[in-house]
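One structure is given below, encoded as structure tokens.
Note that this is a predicted model, so its numbers are computed, not measured.
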Protein chains: 2
Amino acid sequence: MKKSESLPSGMALRAVLLLERLSRLVRAGDHASGLAPAQWEALRYLARANRFSRTPAALADYLGATRGTVSQTLIALEDKELVRKTGSSRDRRSVELSLTSGGVALLEHDALKDLARDIDASGEADGLAQGLQAALHQALVRRGGRAFGVCRTCRHFRPGGRGDKAGKPHHCTLLDEPLSDADASLVCFEHT
Amino acid sequence: MKKSESLPSGMALRAVLLLERLSRLVRAGDHASGLAPAQWEALRYLARANRFSRTPAALADYLGATRGTVSQTLIALEDKELVRKTGSSRDRRSVELSLTSGGVALLEHDALKDLARDIDASGEADGLAQGLQAALHQALVRRGGRAFGVCRTCRHFRPGGRGDKAGKPHHCTLLDEPLSDADASLVCFEHT
DNA sequence: GCCTATAGTATCGACTCAATACTAAATCGC
DNA sequence: GCGATTTAGTATTGAGTCGATACTATAGGC
């Protein structure tokens, strides 16, 4: 038989239900402020991503959405003058995204902060962050292992060891550390 | 000045970000299976709600959505023959919702279970559930206190003390316990 | 019986999202 | 170098979400 594939515990089920409910609250908060949830997520991402990561493709990866979807969201944000697009000089196909001053200002009133304050008030911030981190790690590992991201596919990863620089292997621009060929195939906790 | 209203801690912010990311994973899983996330949520709710709570209005409350939105979602689910509507005999305006056998069968493969298994694997199920519970409680209290639900607005609440039954006050059909007038104004953890 | 509150539906407009199809630029393979 | 493949991004379409608004019908207070 196909069997039940190790039934999840009641406690885990309970946690997932709570998680859905909480995230729905955040979305409701998002919506109240004029922007759609996905638009907020894009702004949040852009505020946290390094300069290699502020592209539509990286955003699509982060959100787990297709590029087409992200493209639409970005058009909406550009129309609202919260995000600016500038062609990359390195790669003429590519686009550099940046927040406008309006976008930055808007993030000051991010509804996420309300929930963060609630979490602080609950006194469970540390345990919650730890539990979520572990759960996310597991979830990403399960879904192909790819999602947490091996460095090779990471925006922070710069390949090396080509041509005359054959000595230096690869490089992570976030941690500013060299990476061996083997390291480069491992998941990066700080992956885009 | 308006001031920053007690900046949330970095840890809480981190937790919120993780929460969004995790819930996005669940949504992606939902979507992959043909139904939209909101439709899944409706099915999940109907599977867990008691008979007083299986109405469009209660579902709208639970989801934090408007009745119009829920009405649309239910139409889609009815078209797919996952949910059935039957007019209530108590109140001819009202509709009783129930899962069809197809709806029940579909819930067997709920993508939520995958994440629940991930949480089990992370070994953080207890801490996570506890943290989420506390955070949700705080969040609901903040947003007017109404959301967790005072018994008066709860589907499990049956008013009493009218006419010849003036002795017995109110009653909660879920816990099967009488409720004083004061109790009835307090939040109920098991609220719809 | 009237008046108001409530249950639910219909419709509209902005947005999400996947799928598909497309253009243009970079990179590889030889 | 030069053609084939890969990759970055956009346009379009169709199903669905969601709030707002307006509507019908029933319930319940007085």
Rounded to whole angstrom units, what separation is found between the [atom1] atom of [X] and the [atom2] atom of [N]?
X: Leu82(A); N: dC15(C); atom1: CG; atom2: P; answer: 11 Å
X: Arg67(A); N: dA11(D); atom1: CZ; atom2: P; answer: 16 Å
X: Glu96(B); N: dA7(C); atom1: CD; atom2: P; answer: 14 Å
X: Asp79(B); N: dT9(C); atom1: CG; atom2: P; answer: 12 Å
X: Asp91(A); N: dT6(D); atom1: CG; atom2: C1'; answer: 12 Å
X: Leu59(A); N: dG9(D); atom1: CG; atom2: P; answer: 10 Å
X: Leu74(A); N: dC17(C); atom1: CG; atom2: C1'; answer: 14 Å
X: Ile75(B); N: dG8(C); atom1: CD1; atom2: P; answer: 13 Å

Test side-chain contact (heavy atoms from CB on, under 4.5 Å) on Leu128(B) and Leu132(A); report intermediate values, then the result. CA-CA 7 Å; Leu128(B) 195 53; Leu132(A) 287 170; 3.8 Å; yes
Please lay out, stage by stage, how Gln72(B) and Ile75(B) fare under the test side-chain contact (heavy atoms from CB on, under 4.5 Å). CA-CA 5 Å; Gln72(B) 292 311 104; Ile75(B) 288 170; 3.9 Å; yes
Are any non-hydrogen side-chain atoms of Leu17(B) and Arg14(B) less than 4.5 angstrom apart?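 A side-chain contact is absent here, since even the closest heavy-atom pair is not under 4.5 Å.
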Protein within reach of the bases, or only the backbone? For nucleotides 15-21 of chain D, mark each nucleotide 5' to 3' as B, S or -, using heavy atoms under 4.0 Å. -SSBB--
Which residues pass the side chain to side chain contact (heavy atoms under 4.5 Å, CB included) test with Glu124(B), not counting sequence neighbours?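 Once residues adjacent in sequence are excluded, the partners of Glu124(B) under the side chain to side chain contact (heavy atoms under 4.5 Å, CB included) criterion are Gln130(A), Ala134(A), Ser122(B).
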Going through the checks in order, is the side-chain contact (heavy atoms from CB on, under 4.5 Å) test met by Leu82(A) and Leu106(A)? CA-CA 8 Å; Leu82(A) 300 172; Leu106(A) 201 55; 3.8 Å; yes
Please state whether the phosphate of [N], meaning OP1 or OP2, lies under 4.0 angstrom from any side-chain nitrogen or oxygen of [X].
X: Lys85(B); N: dA7(C); result: no
X: Arg93(B); N: dT6(C); result: no
X: Thr55(A); N: dA8(D); result: no

Side-chain heavy atoms nearer than 4.5 Å, only ILVMFWY residues, links allowed to pass through others: does that put Val95(A) and Leu43(A) together?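 Yes, Val95(A) and Leu43(A) fall within the same hydrophobic cluster.
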With respect to the side chain of Ala57(A), which nucleotide from dG9(D), dT26(D), dA26(C) is positioned closest?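 Between dG9(D), dT26(D), dA26(C), the one nearest the side chain of Ala57(A) would be dG9(D).
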Sidechain N-carboxylate O distance under 4.0 Å for Asp114(B), Arg117(B):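 Looking at Asp114(B) and Arg117(B), the cut-off is met.
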